[in-house]
Amino acid sequence: MTDTANPSAPLATVILAAGKGTRMKSDTHKVLHCIAGRSMLDHLLASAHELAPSRQVVVAGHGRDQLEKALGGRADIALQEPQLGTGHAVQMAQQALADFSGDVLILYGDVPFVRAATMRAMLARLNAADNPAVVVLGFEPEDALQYGRIIASHGRIEKMVEHKDATEDERACRLCNSGLMAVKSADLWDLLARVGNDNAQGEYYLTDIVNIANADGRICAVVVTDDADEVAGINSRGELAQAEARWQARRRVQAMADGATLVAPDTVWFSWDTVIGRDVVVEPNVIFGPGVRVADHVTIHAFSHLEGATVASRADIGPYARLRPGADIREKAKVGNFVEIKNAVMGEGAKANHLTYVGDAEVGAGANLGAGTITCNYNGYFKHRTIIGERAFIGSNSSLIAPITIGADAIVAAGSAVTRDVAPGELRMVRAEQMVKPGWADQFHDLMRKKKAEKLPKKG
Ligand code: UD1
Ligand code: CA
C-alpha cells in the first residue's frame, strides 16, 4: 500500500492533551512528565517531526499555560473547555486549521512512542487507491479490557465501539483502538460535525466518525501495529515507570549494538540524547543525564554520573565521578573517584584522580591536580574562573581562589591556599612556618596521665 502514497500531501498533526490526567496525581501536566529526561510531548513531537508536518496543533484544557510554555511556539494551541470527548477535542482544532488542506494525523499526548514509520504507514494507507475516509491504528493487547474495539475484516472496519457501549460479542473482539487516526481535512470536519453524544458516557466519540463514514458508504481502514508498546498510553506513575524501563531496555540494546560494552546493562541509565561511541566500556551503575557525548575508547567506571558533558577519546572517568554541565574532558584525561567537574575543560592527558572540585576552569594539557584540589569559584555572589597552565602540578589539598591563573609548568605546594597568580615555572608554597618541639608530646602525655590518675576516686 505504501507505493500509492502521495508524499506531497501537506500534513497537520493534532495532539490531544486536554484530559485531566487525574491518575498521575500531579501539579505537572501529564504530557510534560519525562521519560529518559524528555517530556512525553517532546518525544511525540520529535517522531512527528520526521514526517515534516506543515502544521501542529495541541488541544489543551487543564494545565494549558504549562503546555504553552513548554511548546514555546512550536505548535498552535487549541483550547478545549469543557472536555466533552475525543471527537469534541479534535473539533477544537478546526479553527486553527481552517486554512489547512491535506492529511490530518490525530495523536494522543499520552501515547508518546508511536514510531514515525507507523505514522507513515497510516498516511500511506489514507492515500491508497481505495480512498479510505478514516484510517485507524489498531493493536492487539494482551489485556483488551478497557479499550475501544475495532470490528474489522480484511483491514476494513465495519464498526468502532467503546468498551462501555459494547455487547459481549463485541468485547470478545481482540482488535483494539489505539486512538490514533489519519483523516483528510476535506472529510474530517464534516464527519466531526455529525458526531453526537448519545452513548454510555454522554461524550462526543472520535471513533464515531468511522461509523458515520461507513454509513455514507465510504471505506474505513485499520492499520495494525504488532508492537503494542508503541501505542501504550501513560496514565499513572506506574505506567510512566514501565515506559521508562522499556525505553531504557531498548537504548541499552542499541548502545551495545553500536559497539559499547555495558558490563551490567540493566544498571546503566541513558538520556534521550546520549551519544556514545564504539569500544566504550560502561561499568555498572552509571547514569547519563541529558546532553552527554562520549567518544570512542572511553572507559566510564562504576557509579559515575554524567550530565551536559563531552568526553573525548581514551579518557578515563570514575569510579564515582560527577561530570556536570559544561564539563569538557579532552583526550586521555583522567577524572577519578569523588571528582566533580563543572563548566571546565580538562585538557589532553590532564589528571584529577581523587577528591577534587574543578568548576569554571581551564586545566591545561598534562596538568596534574593532587587529591583534594579545590577551585574556589564562588564568593557567594559571583563565579570566577581558574586557569591552570599545561603540565602545572597542583599539590594535594590546595585551594585555588578564583579569579586566578597558574602558569604552565608551575608547582603549587600541597596544602596551599593560593590567592594571587602563579607565574609559569614558579613554585608557590602558601603554608605557615613549621614549629618543631622534640619530646613535647611525650611530656604532655605524662602530665595528663598523672592528672587523670589524681582525679580517680580512691578504692575502699
Ligand atoms: C480512547 C478511545 C478508545 C481507545 C482509547 C485508547 C474514544 C471515544 N475512545 O478512549 O477507543 O481504545 O482512547 O487509549 O476516542 N482527550 C481530550 N479531550 C477530551 C477527552 C480526551 O483531549 O475531551 C484526550 C486525552 O487527554 C487523551 C486522549 O484524548 O490524550 C484519550 O482520552 P481518554 O479519556 O484516555 O480516552 P479513552 O476513553 O480511554
Ligand atoms: Ca485512555
Side-chain angles (χ1 to χ4, degrees), residues 13-24 26 28-33 39-41 43-45 57-64 66-67 75 77-94 96 105-114 134 136-141 143-152 157 159-166 170-171 173-181 183 188 191-192 195-212 220 222 224-225 228-236 239-240 243:
T13 59
V14 174
I15 297 177
L16 302 192
K20 283 200 187 80
T22 324
R23 279 191 281 155
M24 289 300 280
S26 179
T28 301
H29 194 292
K30 177 158 83 168
V31 303
L32 299 181
H33 281 263
S39 73
M40 291 186 215
L41 183 60
H43 280 289
L44 185 57
L45 286 170
V57 182
V58 173
V59 180
H62 299 271
R64 172 216 183 173
Q66 289 182 15
L67 290 183
I77 293 191
L79 191 61
Q80 188 200 18
E81 193 67 76
Q83 287 84 39
L84 302 178
T86 48
H88 177 252
V90 176
Q91 218 171 11
M92 296 302 105
Q94 182 170 4
L105 186 62
I106 299 160
L107 305 167
Y108 285 6
D110 54 2
V111 182
F113 291 116
V114 195
V134 183
V136 178
L137 180 62
F139 70 119
E140 293 184 351
D143 178 4
L145 265 179
Q146 73 277 27
Y147 290 106
R149 300 299 204 272
I150 302 174
I151 316 298
I157 305 177
K159 185 183 177 189
M160 303 270 303
V161 59
E162 287 303 286
H163 181 258
K164 283 186 179 145
D165 301 288
E170 287 165 341
R171 285 179 185 180
C173 161
R174 296 218 40 235
L175 186 58
C176 290
N177 175 24
S178 71
L180 278 57
M181 294 192 190
V183 195
L188 179 61
L191 289 168
L192 280 173
V195 170
N197 66 350
D198 182 16
N199 53 50
Q201 301 182 84
E203 287 184 5
Y204 295 86
Y205 291 163
L206 177 61
T207 45
D208 275 358
I209 65 173
V210 169
N211 301 327
I212 293 166
C220 294
V222 58
V224 181
T225 174
D229 286 350
E230 77 169 327
V231 292
I234 296 168
N235 299 296
S236 64
E239 287 170 358
L240 186 71

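Whatever order the structure lists them in is the order used to number ligands and atoms, beginning at 1. Everything numeric here is computed off the predicted structure, so don't read it as measured data. The analysis underlying the following values was restricted to heavy atoms, covering all of them including side chains, and did not include hydrogens, waters or symmetry mates.
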Legend entry - Contact with ligand 1 for Val59, non-hydrogen, under 4.0 angstrom: no

Inset, instruction - Please check if the side chain of Arg149 supplies one atom and the backbone of Val161 the other of a donor-acceptor pair under 3.5 Å. - result: no

Legend entry - Option among Leu105, Val90, Leu188 that satisfies the side chain to side chain contact (heavy atoms under 4.5 Å, CB included) test with Val183: Leu188

Legend entry - Contact (N/O only, under 3.5 Å) between Thr207 and ligand 1: no

Inset, instruction - State the CG-CZ distance between Leu240 and Arg23, to the nearest 0.5 angstrom. - result: 12.5 Å

Legend entry - Enumerated ligand 1 atoms positioned under 4.0 Å from heavy atoms of Gly148: 3 (C), 4 (C), 11 (O), 12 (O)

Legend entry - Any donor-acceptor pair under 3.5 Å from Gln91 side chain to Gly87 backbone: no

Legend entry - Partners passing side-chain hydrogen bond (donor to acceptor under 3.5 Å, both in side chains) against Glu170 (at least two apart in sequence or in another chain): Lys159, Thr167

Legend entry - ligand 1 contact on Glu162 by region, counting heavy-atom pairs under 4.0 Å: side chain

Inset, instruction - Decide whether an N or O pair under 3.5 Å exists between Tyr147 and ligand 1. - result: no

Inset, instruction - Determine yes or no for a side-chain-to-main-chain donor-acceptor pair under 3.5 angstrom, with Arg171 supplying the side chain and His163 the backbone. - result: yes

Inset, instruction - Record the part of Gln146 in heavy-atom contact with ligand 1 below 4.0 Å; permitted values are side chain, backbone, both and neither. - result: neither

Legend entry - Tyr205 neighbourhood, listing ligand 1 atoms whose heavy-atom distance to it stays under 4.0 Å: 8 (C)

Inset, instruction - Report the part of Cys176 in contact with ligand 1, treating N, CA, C, O as backbone and CB onward as side chain, heavy atoms under 4.0 Å; options are side chain, backbone, both, neither. - result: neither

Inset, instruction - Please examine the side chains of Tyr205 and Asn199, heavy atoms only from C-beta on, and report whether any two atoms are closer than 4.5 Å. - result: yes

Legend entry - Numbered atoms of ligand 1 (with element) below 4.0 Å of Ser178, judged on heavy atoms: 6 (C)

Legend entry - Check: Leu41 and Leu32 side chains under 4.5 Å, non-hydrogen atoms: yes

Inset, instruction - Flag Gly179 as yes when one of its N or O atoms lies below 3.5 Å from any N or O atom of ligand 1, and as no otherwise. - result: no

Inset, instruction - Select the closest option to atom 23 (O) of ligand 1 among Gly85, Gly61, Ala89, judged by heavy-atom distance. - result: Gly85

Inset, instruction - Using non-hydrogen atoms of the residue, decide whether Ala17 is closer than 4.0 angstrom to ligand 1. - result: yes

Inset, instruction - Without swapping roles, check the side chain of His29 against the backbone of Ala17 for a donor-acceptor pair under 3.5 Å. - result: yes

Legend entry - Asn177-ligand 1 polar pair, N/O distance under 3.5 Å: yes

Inset, instruction - State the atoms of ligand 1, each with its element, that fall below the 4.0 Å cut-off from a heavy-atom position in Asp110. - result: 27 (C), 30 (O)

